[in-house]
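All figures in this text were calculated on a predicted structure; none of them were measured in a lab. Atoms within a ligand are numbered from 1 in the order they appear, just like the ligands themselves.
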Amino acid sequence: GTACDVTDPAAVQAAVAAVAAHFGGLDIVVSNAGAAWTGPMATLADADLRASFELNFFAHQSVAQAALAVFRAQDRPQDGGSPVLGGQLLFNVSKQALNPGPNFGAYGISKAALLALVRQYALEEGEAGVRVNAINADRIRSGLLDDTMIKERSAARGLSEELYMAGNLLGAEVRASDVADAFVALALMQRTTGAVLTVDGGNVAAMVR
Ligand SMILES: NC(=O)c1ccc[n+]([C@@H]2O[C@H](COP(=O)([O-])OP(=O)(O)OC[C@H]3O[C@@H](n4cnc5c(N)ncnc54)[C@H](O)[C@@H]3O)[C@@H](O)[C@H]2O)c1
């Protein structure tokens with residue numbers, strides 16, 4: 001592993017270079033880092049909105065640029081007439097990008113911009129054989145949705161923590177491992193680009209339309 005602050009483009013470039021040197025190249029990047037700044041838009045500190053965009057949007061742009069530079073430098077050979085498999089970019093978006101919740105504007109708006117970035121890269125890099133896709137997850141137990149937040153949110157809805165976490169069409173908690181499995185599935189879908197795959201147990205309001 002190598003640590004870096006993804007909001008620092010030079011650090012991202014150094015990390016990508018270290019990875020490429022260690023593994024002899026770069027095939028798939030999962031750009032995963034993110035955090036939620038909260039508060040109503042009307043009184044949200046400008047600094048919070050900008051910080052959210054730095055991490056949830058610009059950092060992903062830095063990762064994508066650094067990865068694409070390596071994909072191009074690799075100059076992989078054509079495989080018998082089918083499109084060049086020129087590398088993959090995968091991004092962790094959020095249901096907030098499609099189904100915004102109150103007081104999550106800073107997060108949701110930057111994630112919506114990230115979803116637009118995914119589509120833009122898919123559009124511009126398809127010809128190079130680079131596939132660009134995203135996951136749209138919701139309510140995953142993690143550092144972002146930690147035990148304290150789960151307690152607060154379930155109490156606010158008058159639900160047990162178990163029922164709150166299983167509040168979806170399948171009635172089952174969605175795990176971080178489900179998100180990881182979805183990234184692997186996207187990585188294997190060789191003719192899919194510009195897609196957002198929902199991993200939330202089913203939520204009509206967050207369905208892509
Ligand atoms: N938990 C959910 O319900 C949920 C739902 C939808 C999307 N997501 C997204 O999933 C992704 C992962 O979040 P998570 O839920 O696992 O939360 P998490 O807090 O456990 O993980 C976020 C990770 O991002 C890293 N990070 C934050 N700022 C960074 C920086 N400047 N440089 C490098 N790394 C940095 C943190 O160290 C942490 O490891 C995020 O993009 C988040 O928006 C989470």
Side-chain angles (χ1 to χ4, degrees), residues 1-16 18-19 29-38 47-67 89-118 132-154 156-157 159 161-162 164-168 170 172-184 186 195-203 205-208:
T2 180
C4 92
D5 177 354
V6 290
T7 62
D8 175 354
V12 169
Q13 276 174 20
V16 168
V19 166
V29 174
V30 179
S31 195
N32 179 66
W37 281 259
T38 55
D48 285 352
L49 186 56
R50 289 178 191 278
S52 183
F53 265 84
E54 282 299 333
L55 180 59
N56 294 316
F57 177 76
F58 285 105
H60 296 283
Q61 162 68 348
S62 297
V63 169
Q65 284 189 330
L89 301 175
L90 294 163
F91 297 89
N92 208 333
V93 182
S94 168
K95 79 109 193 176
Q96 292 291 332
L98 298 159
N99 172 215
N103 300 327
F104 275 89
Y107 181 60
I109 296 165
S110 57
K111 288 286 192 178
L114 174 59
L115 181 54
L117 185 75
V118 169
V132 189
N133 294 296
I135 296 291
N136 163 35
D138 186 26
R139 218 171 279 190
I140 314 294
R141 206 180 283 272
S142 69
L144 193 153
L145 182 59
D146 61 10
D147 290 346
T148 309
M149 204 192 254
I150 292 170
K151 256 192 188 60
E152 283 169 10
R153 288 193 171 183
S154 51
R157 288 168 174 77
L159 294 172
E161 290 178 32
E162 289 70 28
Y164 168 70
M165 290 305 289
N168 55 49
L170 296 176
E173 178 174 340
V174 186
R175 301 152 301 187
S177 60
D178 295 309
V179 177
D181 288 346
F183 275 121
V184 173
L186 273 176
V196 55
L197 183 60
T198 303
V199 187
D200 64 359
N203 169 6
M207 286 179 181
V208 182

Taking [atom] as the reference point, the nearest protein heavy atom with its distance:
{"atom": "atom 31 (N) of ligand 1", "result": "Asp5 OD1, 2.8 Å"}
{"atom": "atom 6 (C) of ligand 1", "result": "Ala137 O, 3.0 Å"}
{"atom": "atom 19 (O) of ligand 1", "result": "Leu144 N, 3.3 Å"}
{"atom": "atom 40 (C) of ligand 1", "result": "Asn32 O, 3.2 Å"}
{"atom": "atom 14 (P) of ligand 1", "result": "Ser142 OG, 3.3 Å"}

Which atoms form the tightest heavy-atom contact between [X] and [Y], and what is the distance?
{"X": "Val12", "Y": "Val63", "answer": "CG1-CA, 3.7 Å"}
{"X": "Leu55", "Y": "Val6", "answer": "CD1-CG2, 3.7 Å"}
{"X": "Asn136", "Y": "Ala206", "answer": "ND2-O, 3.8 Å"}

Does a side-chain heavy-atom distance below 4.5 Å link [X] with [Y]?
{"X": "Asn133", "Y": "Val118", "result": "no"}
{"X": "Lys95", "Y": "Asn203", "result": "yes"}
{"X": "Leu145", "Y": "Ile150", "result": "yes"}
{"X": "Asn92", "Y": "Val30", "result": "no"}

Is the closest N or O pair between [X] and ligand 1 shorter than 3.5 Å?
{"X": "Arg139", "answer": "yes"}
{"X": "Val6", "answer": "yes"}
{"X": "Tyr107", "answer": "yes"}
{"X": "Gly143", "answer": "yes"}
{"X": "Asn92", "answer": "yes"}

So the atoms of ligand 1 within less than 4.0 Å of a heavy atom of Ser94 turn out to be 6 (C), 7 (C)
Is the charged tip of Arg50 near the ring of Phe58: under 6.0 Å from the six-membered ring centre and within 45° of its axis?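 Because its charged atom misses either the 6.0 Å distance or the 45° angle limit, Arg50 does not stack over Phe58.
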Going by ring pair (Phe, Tyr, Trp, His ring centres under 6.0 Å), name the residues that satisfy it together with Phe91, two or more places apart in sequence or in a different chain.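 Applying ring pair (Phe, Tyr, Trp, His ring centres under 6.0 Å) to Phe91 gives His60.
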Just to be sure I'm reading this right: ignoring hydrogens, which of [options] gets closest to [atom]? Compare them by their nearest heavy atoms.
{"atom": "atom 24 (O) of ligand 1", "options": "Ala15, Ser110, Ala33", "value": "Ala33"}
{"atom": "atom 22 (C) of ligand 1", "options": "Ala11, Ser31, Ala51, Gly34", "value": "Gly34"}
{"atom": "atom 29 (C) of ligand 1", "options": "Leu114, Ile140, Leu55", "value": "Leu55"}

Under 4.0 Å, counting heavy atoms only: does Val93 come that close to any atom of ligand 1? yes
In sequence, state the C-alpha distance, the side-chain angles, and the governing distance for Tyr107 and Asn56, and then conclude on side-chain contact (heavy atoms from CB on, under 4.5 Å). CA-CA 7 Å; Tyr107 181 60; Asn56 294 316; 3.8 Å; yes
Taking heavy atoms and a distance under 4.0 Å, where does Lys111 meet ligand 1: side chain, backbone, both or neither?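 The side chain, only.
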Answer side chain, backbone, both or neither: which part of Cys4 comes under 4.0 Å from ligand 1, heavy atoms only. backbone
Tell me whether Arg157 at atom CZ has more than 12 heavy atoms from other residues, nucleotides or ligands lying less than 6.0 Å away. yes
Atom 37 (O) of ligand 1 touched by protein (heavy atom, under 4.0 Å): no
